[in-house]
Number of protein chains: 2
Amino acid sequence: MAHDQLKLSNQICFPVYAASRLITREYQPHLDELGITYPQYIALMVLWEKDEISVNEITQKLILNTNTVTPLLKRMELQGLITRQRSNTDERKVIVKLTQKGKALEEKAAEIPQKLIEGLADSNMTVNELISLKESLYQIINFLHNK
Amino acid sequence: MAHDQLKLSNQICFPVYAASRLITREYQPHLDELGITYPQYIALMVLWEKDEISVNEITQKLILNTNTVTPLLKRMELQGLITRQRSNTDERKVIVKLTQKGKALEEKAAEIPQKLIEGLADSNMTVNELISLKESLYQIINFLHNK
DNA sequence: AAATAATATGTCGCAAGCGATATAAATAAA
DNA sequence: TTTATTTATATCGCTTGCGACATATTATTT
């Protein structure tokens, strides 16, 4: 190995990438009970926070492109979680709205964050470490997102 | 919004997930010059560190499953970056070996980490923050991976 | 008003990622 | 030495994620 900077352990990207997948795996059994995937879960979180928003607002919040979000929303529509309807005031926009089924999921989903934290309880991570971790990640996200 | 714990900003998973995608996007232009993707890049990093290893060793290092790694390696074989060959001593194993082309890429790739750090220079992240971030992530990774 | 640019959403093709499952070889147990 | 179990790799089907590109609507310019 001629280049130490190419060691996996010296990279910042790899631990972020690996942690992301491992944490998503932790969500999976809980999300399975709701019959949704992780991207569907965070899309629902956006809608639970503010209903009847455009596709574009969702892509902004999730930092995803329309070519990812549109098919995602279509699958959610097929599952009966949301409706998609062209805006009357601006025909370019599509307004996404929660159905009763989509709204009802919020109550069940509300228990998931607590379960996740319990799952991390034995990891020796302090609350302060987790807060600091989140702040560092948002610093990177905000910087790269507005670049 | 009846449940604050369901706010996107209160989650630990979302910033990890978003940061992972944004950082990978930063790599993309540099990796494009080498004609490889990010997962191919980290697979090569493993091989540059130790050549002629089994598929299983690669899945362990990358924390991925064989159903992800096998197709990844097949694409890399098609590109002439590696060879895949059944082990003589244990016919279950497939040994992955860098080709000259795969080895040659290391020199070009060696410049990428520096470029990435330069790209983050204006983010106001200190070196200590980055080190602390990496440590926290590995704490989560090690915990979840060995769970 | 006509032409141009910007905005919003969408399709297509491809590479990941992974659950479920299959197959073959090596190892352990009977 | 059969039989059962473990290990290693692979296939299939599905959802993501994204670059390249297409289409329609709105806003701006000429």
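We name chains A, B, ... by the order of the sequence lines, and we start the count at 1 in each one.
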Donor-acceptor pair under 3.5 Å: do we get one between A:Asn67's side chain and the base of D:dG19?
-> yes
A:Pro39 side chain, from C-beta outward: closest of D:dA8, D:dA10, D:dT16 = D:dT16
Grab the two heavy atoms, one from A:Leu31 and one from A:Thr37, that are nearest each other, plus how far apart they are.
-> CD1-C, 3.8 Å
By nearest-heavy-atom nucleotide on DNA chain C, the more 5' of A:Arg21 and A:Glu57 is A:Glu57
Let me know, please, whether A:Tyr17 or A:Thr66 comes out on the 5' side of the other along DNA chain C by nearest nucleotide.
-> A:Thr66
Closest to the 5' end of DNA chain D, once A:Glu91 and B:Pro71 are matched to their nearest nucleotides, is B:Pro71
Look at atom CD of A:Glu118 and say whether more than 12 heavy atoms of other residues, nucleotides or ligands are closer to it than 6.0 Å.
-> yes
Atom CG of B:Asn65 and atom P of D:dA8 are separated, to the nearest Å, by 14 Å
When you check the gap from the basic side-chain N to the acidic O, do A:Glu49 and A:Lys61 get nearer than 4.0 Å?
-> no
Between A:Thr68 and A:Arg92, who's closer to the 5' end of DNA chain D by nearest nucleotide?
-> A:Thr68
To the nearest Å, how far apart are A:Gln79 CD and D:dC14 P?
-> 14 Å
Give a yes/no on whether any side-chain N or O of B:Arg25 is located under 4.0 angstrom from OP1 or OP2 of D:dG17.
-> no
According to the interplanar angle, ranging from 0 to 90°, do the rings of B:Tyr41 and B:Trp48 count as parallel (below 30°), tilted (30 to 60°) or perpendicular (above 60°)?
-> perpendicular
D:dC18 P sits how many Å from B:Asp32 CG, rounded?
-> 14 Å
Take the protein atom NZ of B:Lys74 and the nucleotide atom P of D:dT9, then report the distance between them rounded to whole Å.
-> 14 Å
Shoot me the first and last contacting nucleotide of DNA chain C against chain A, ordered 5' to 3', at under 4.0 angstrom to non-hydrogen atoms.
-> C:dT7 to C:dC18
Is A:Asp51 close to A:Lys103 at the side-chain level, that is, under 4.5 Å between some pair of heavy atoms?
-> yes
Do A:Thr24 side-chain atoms and A:Ser20 backbone N/O form a donor-acceptor pair below 3.5 Å?
-> yes
Contact class for B:Gln40 vs. all strands (heavy atom < 4.0 Å): base, sugar-phosphate, or nothing?
-> sugar-phosphate
Which value, rounded to the nearest 0.5 Å, describes the distance between A:Ile82 atom CD1 and A:Glu77 atom CD?
-> 6.0 Å
Rounded to whole Å, the OH-P distance (B:Tyr38 to D:dC18) equals 14 Å
When rounded to whole Å, the CZ to P distance for the pair B:Arg86 and D:dA8 reads 12 Å
Protein-nucleotide distance (A:Leu31, atom CG; D:dT15, atom P), rounded to Å = 15 Å
Protein-nucleotide distance (B:Leu72, atom CG; D:dT9, atom P), rounded to Å | 14 Å
Looking across every strand, which nucleic acid part, if any, lies under 4.0 Å from B:Thr24 by heavy atom: base, sugar-phosphate, or nothing?
-> nothing
